[in-house]
S.K.: 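Mind having a look at this structure? Questions to follow.
First the proteins, then the strands, lettered A, B, ... as listed; each starts at 1.
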Number of protein chains: 2
Amino acid sequence: MKCKKQVVAATMKDVAQKANVSTATVSRALMNPEKVSQSTRSKVEQAALDVGYLPQSMGRNLKRNESRTLLVIVPDICDPFFSEIIRGVEITAAEHGYLVLIGDCAHQNQQEKTFIDLIITKQIDGMLLLGSRLPFDDGVEEQRNLPPMVMANEFAPELELPTVHIDNLTAAFNAVNYLHELGHQRIGCIAGPEEMPLCYYRLQGYVQALRRSGITVDPHYIARGNFTFEAGASAMAQLLDLPQPPTAVFCHSDIMALGALSLAKRRGLKVPDNLSIIGFDNISLTEFCDPPLTTVSQPRFAIGREAMLLLLDQLNGQSVRSGSRLLDCELIVRGSTAKNKS
Amino acid sequence: MKCKKQVVAATMKDVAQKANVSTATVSRALMNPEKVSQSTRSKVEQAALDVGYLPQSMGRNLKRNESRTLLVIVPDICDPFFSEIIRGVEITAAEHGYLVLIGDCAHQNQQEKTFIDLIITKQIDGMLLLGSRLPFDDGVEEQRNLPPMVMANEFAPELELPTVHIDNLTAAFNAVNYLHELGHQRIGCIAGPEEMPLCYYRLQGYVQALRRSGITVDPHYIARGNFTFEAGASAMAQLLDLPQPPTAVFCHSDIMALGALSLAKRRGLKVPDNLSIIGFDNISLTEFCDPPLTTVSQPRFAIGREAMLLLLDQLNGQSVRSGSRLLDCELIVRGSTAKNKS
DNA sequence: TTGTAAGCGTTATCAT
DNA sequence: ATGATAACGCTTACAA
């Protein structure tokens with residue numbers, strides 16, 4: 001029996017014919033079962049089953065003027081930090097019948113224009129931002145009305161978006177404080193770019209922890225890097241070249257911490273014996289490197305999930321949950337930190 | 001001037017009114033400019049510009065019975081190996097006006113059912129498989145007619161799909177041969193699951209390289225793991241427990257190689273002095289670990305791009321390019337391999 | 001060359 | 001409780 005009766009997907013008309021009712025009734029029976037009689041309901045349900053009917057989204061979406069698709073803007077899809085957030089986002093979206101498009105900002109090819117077009121052409125109902133900037137020119141949002149948006153992981157006060165985030169300041173504070181408890185006095189910081197709000201908070205945490213410990217903050221002990229391995233290495237070099245190099249370093253990301261670790265080793269330093277290093281994010285790399293990295297773990301899956309829930313709330317017109325969600329994070333102590341022996 | 005004239009996106013009707021023509025003419029002027037007079041064309045173009053018109057995909061798609069959206073099935077979105085493939089896929093798709101949905105198979109939540117539903121409900125026009133299996137029960141594809149598909153990275157001969165891949169056998173052969181050239185005679189293999197065609201080829205490459213070198217293949221030197229760090233470690237343990245443990249190991253993936261590396265270190269072995277290790281994939285981790293891993297590099301971005309091009313060809317009804325595409329890969333020699341000193 | 005009208009698959013309004 | 005009908009935005013015969 002090779003021939004297929006039904007080459008194309010079943011439509012509502014098919015169900016209607018099979019059940020001897022109108023398409024309107026089919027729609028009601030399936031959407032608002034309480035609005036049809038018991039008998040027709042089961043008649044329709046049976047017919048739908050028989051022909052293998054599933055509502056075709058394009059017709060429905062056109063009528064409802066929605067796409068049931070969301071866009072998540074990712075600064076760099078190849079950065080492992082974002083993978084698990086994305087998974088949280090997608091699973092949660094799927095649970096609520098939404099599809100998710102990934103907007104990768106790292107490459108030029110995904111032009112800014114593309115994203116705004118997705119909005120104008122009604123291909124997305126909402127956006128989830130994992131970076132701190134809108135993925136198109138400022139000012140555009142004044143001309144166009146933007147769809148519901150939520151920000152996760154980063155901050156952009158001027159956008160006034162619901163946000164899912166950790167307490168970066170406290171996390172950094174605790175990390176640096178841990179180094180101080182280990183007896184370190186000269187503690188450096190390898191920070192991310194100034195323009196990232198994230199980094200501002202983490203730097204403040206660093207500063208406050210030092211102050212709290214009665215240590216004077218020396219700007220020379222603060223090096224900047226752009227979240228790459230190489231930047232971490234050269235920032236570390238910069239710190240080690242100081243007359244009194246730090247005995248411990250707090251980094252704004254694991255990748256930079258790994259770069260710092262690598263350079264320290266190249267210079268013949270033993271980690272953690274001569275130098276303690278703390279990273280941030282707890283990407284899987286940190287378990288496997290040598291020594292394994294002490295770092296701050298963020299609940300990445302939960303960040304994705306909560307952000308999506310916030311977005312779904314907006315789409316459903318519910319009062320925006322609570323504005324924002326603060327999630328817990330945790331200092332994971334591994335082998336890259338030790339008591340100060342200098 | 002805060003009030004917005006146009007709260008909703010401009011439709012073709014708006015353009016038609018502005019240009020004093022019918023919507024049909026607008027459609028023609030924009031789609032088939034040669035079918036309208038010079039004057040009306042510019043009139044329409046101007047009007048479209050004025051109202052900021054972009055075709056709304058839902059209307060168009062409904063009419064054309066397509067979604068301009070593709071689905072890429074990823075075995076595990078958190079496996080860094082796939083990230084860059086996905087980037088190649090997305091950029092190429094965007095260049096051709098297609099959107100890409102990511103189907104992550106790793107978690108249960110993304111039920112198999114979901115994927116087949118995307119097909120039935122016409123939400124996707126085609127699929128790109130990064131694993132060797134269809135993401136739903138066998139047999140289903142006999143009842144439903146599946147959309148155009150392309151496979152990348154893996155193999156499934158029975159599906160008879162156009163495929164983008166490297167020559168796994170030769171790559172493995174060269175890697176193992178390199179170990180032999182370094183003087184190693186007892187060469188182990190940490191292989192992936194038997195049911196992955198990929199692993200069959202890599203194992204064959206291992207076997208053929210040994211034979212070619214006149215080395216008898218000892219099945220005890222072949223350990224299996226499921227592509228996780230832990231599996232790599234326990235496979236390594238198994239090999240080291242042999243009466244005559246190998247002096248070099250070829251691994252089917254970097255992650256397993258890192259597991260092996262970690263265990264070897266825990267047992268007090270020096271890599272590469274006492275043991276050489278080769279991985280597969282060249283994920284970014286391999287540059288940063290200690291020692292950096294010798295591995296086989298795959299052109300991941302190109303794999304994604306070529307696969308997408310193949311899929312687009314099918315969608316355009318062009319004769320499927322060439323059936324399949326074979327891409328080059330390369331042995332990257334780093335610090336985890338050295339001359340046999342035993 | 002251009003306009004009219006039908007249709008894609010749904011849902012919503014209005015009768016019945 | 002149900003059915004006819006119009007509508008969402010776009011494309012395309014067919015007519016003019």
Side-chain angles (χ1 to χ4, degrees), chain A residues 6-45 47-48 51-68 97 117-125, chain B residues 6-45 47-48 51-68 97 117-125:
Chain A
Q6 192 78 6
V7 193
V8 295
T11 163
M12 236 169 68
K13 217 190 287 184
D14 301 322
V15 183
Q17 284 177 353
K18 189 101 181 179
N20 270 315
V21 292
S22 71
T23 58
T25 303
V26 174
S27 180
R28 275 187 293 250
L30 297 167
M31 292 290 303
N32 312 80
E34 74 281 4
K35 291 201 166 185
V36 301
S37 76
Q38 192 53 258
S39 63
T40 48
R41 184 199 311 184
S42 44
K43 215 169 38 174
V44 169
E45 280 166 351
V51 302
Y53 171 79
L54 279 183
Q56 304 225 18
S57 1
M58 286 190 302
R60 164 178 293 183
N61 290 344
L62 176 60
K63 179 67 186 175
R64 291 190 181 167
N65 195 29
E66 63 178 14
S67 66
R68 288 247 137 197
D117 283 1
L118 286 176
I119 299 171
I120 301 175
T121 60
K122 301 257 186 68
Q123 288 180 99
I124 58 164
D125 296 343
Chain B
Q6 192 78 4
V7 194
V8 294
T11 160
M12 237 170 68
K13 217 190 289 183
D14 301 323
V15 183
Q17 283 177 355
K18 189 103 181 179
N20 269 318
V21 292
S22 71
T23 59
T25 303
V26 174
S27 178
R28 277 186 291 251
L30 267 28
M31 292 290 301
N32 314 80
E34 73 281 3
K35 292 201 165 181
V36 301
S37 76
Q38 191 53 258
S39 63
T40 48
R41 184 197 312 185
S42 43
K43 215 170 38 175
V44 169
E45 280 166 351
V51 302
Y53 172 78
L54 278 183
Q56 304 224 18
S57 0
M58 285 188 304
R60 165 178 292 184
N61 291 345
L62 178 59
K63 179 68 186 174
R64 292 189 180 168
N65 196 28
E66 64 179 14
S67 65
R68 288 249 137 196
D117 282 0
L118 286 177
I119 300 172
I120 301 176
T121 60
K122 300 257 188 65
Q123 287 181 98
I124 59 165
D125 296 343

S.K.: Please work out if A:Met58 contacts a base, only the sugar-phosphate, or nothing of the nucleic acid, heavy-atom cut-off 4.0 Å.
M.R.: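 No contact.
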S.K.: Contact class for B:Ser22 vs. all strands (heavy atom < 4.0 Å): base, sugar-phosphate, or nothing?
M.R.: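 The answer is base, as B:Ser22 lies within the cut-off (heavy atoms under 4.0 Å) of a base atom.
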S.K.: Classify the nucleic acid contact of A:Thr40 as base, sugar-phosphate or nothing, counting any heavy atom under 4.0 Å across all strands shown.
M.R.: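 Sugar-phosphate, backbone atoms only, no base.
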S.K.: Earliest and latest nucleotide of DNA chain C, 5' to 3', sitting under 4.0 Å from a non-hydrogen atom of chain B?
M.R.: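 First-to-last contact on DNA chain C, by the 4.0 Å heavy-atom rule, is C:dT1 to C:dG9.
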S.K.: Let me confirm one number: the CZ-CE distance from A:Arg60 to A:Met12, rounded to the nearest 0.5 Å.
M.R.: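 Rounded to the nearest 0.5 Å, the CZ-CE separation comes out at 9.5 Å.
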S.K.: Testing A:Lys43, A:Met31, A:Arg41 one by one against A:Val36 for a side-chain contact (heavy atoms from CB on, under 4.5 Å), which residue passes?
M.R.: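 Between A:Val36 and the candidates, side-chain contact (heavy atoms from CB on, under 4.5 Å) is satisfied uniquely by A:Arg41.
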S.K.: Output all residues satisfying side chain to side chain donor-acceptor pair (under 3.5 Å) with A:Ser27, sequence neighbours left out; order by chain, then residue number.
M.R.: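 Expected list: none.
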S.K.: Between B:Thr25 and B:Lys63, which is nearer to the 5' end of DNA chain C once each is assigned its nearest nucleotide?
M.R.: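 Checking each residue's closest nucleotide, the 5'-ward one belongs to B:Thr25.
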S.K.: Drop me the distance from A:Asn20's CG to A:Thr25's OG1, to the nearest 0.5 angstrom.
M.R.: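 Nearest 0.5 Å value for the CG-OG1 distance: 11.0 Å.
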S.K.: With sequence neighbours excluded, tell me which residues meet side chain to side chain donor-acceptor pair (under 3.5 Å) with A:Gln123.
M.R.: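 With sequence neighbours excluded, A:Gln123 shows a side chain to side chain donor-acceptor pair (under 3.5 Å) to A:Thr121, B:Ser57, given in chain and number order.
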S.K.: Going from CZ on B:Arg28 to OG on B:Ser37, what distance comes out if it is rounded to the nearest 0.5 angstrom?
M.R.: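 Spacing of CZ (B:Arg28) from OG (B:Ser37) equals 11.0 Å.
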S.K.: Got a sec, which residues hit salt bridge (Lys or Arg N to Asp or Glu O under 4.0 Å) with A:Arg68, two or more places apart in sequence or on another chain?
M.R.: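 For A:Arg68, the residues satisfying salt bridge (Lys or Arg N to Asp or Glu O under 4.0 Å) (neighbours in sequence not counted) are A:Glu66.
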S.K.: Indicate, with a heavy-atom threshold strictly under 4.0 Å, whether B:Arg64 touches base, sugar-phosphate, or nothing.
M.R.: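 Sugar-phosphate, no base atom in range.
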S.K.: More 5' along DNA chain C: B:Thr23 or B:Leu62, using each one's nearest nucleotide?
M.R.: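 Closest to the 5' end, via its nearest nucleotide, is B:Thr23.
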S.K.: According to side chain to side chain donor-acceptor pair (under 3.5 Å), who are the partners of A:Ser42, at least two apart in sequence or on a separate chain?
M.R.: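 By the side chain to side chain donor-acceptor pair (under 3.5 Å) rule, A:Ser42 matches no residue at all.
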S.K.: I'd like the 5' and 3' limits of the part of DNA chain D contacted by chain A, with heavy-atom contacts below 4.0 Å.
M.R.: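 The contacted stretch runs from D:dA1 to D:dG9.
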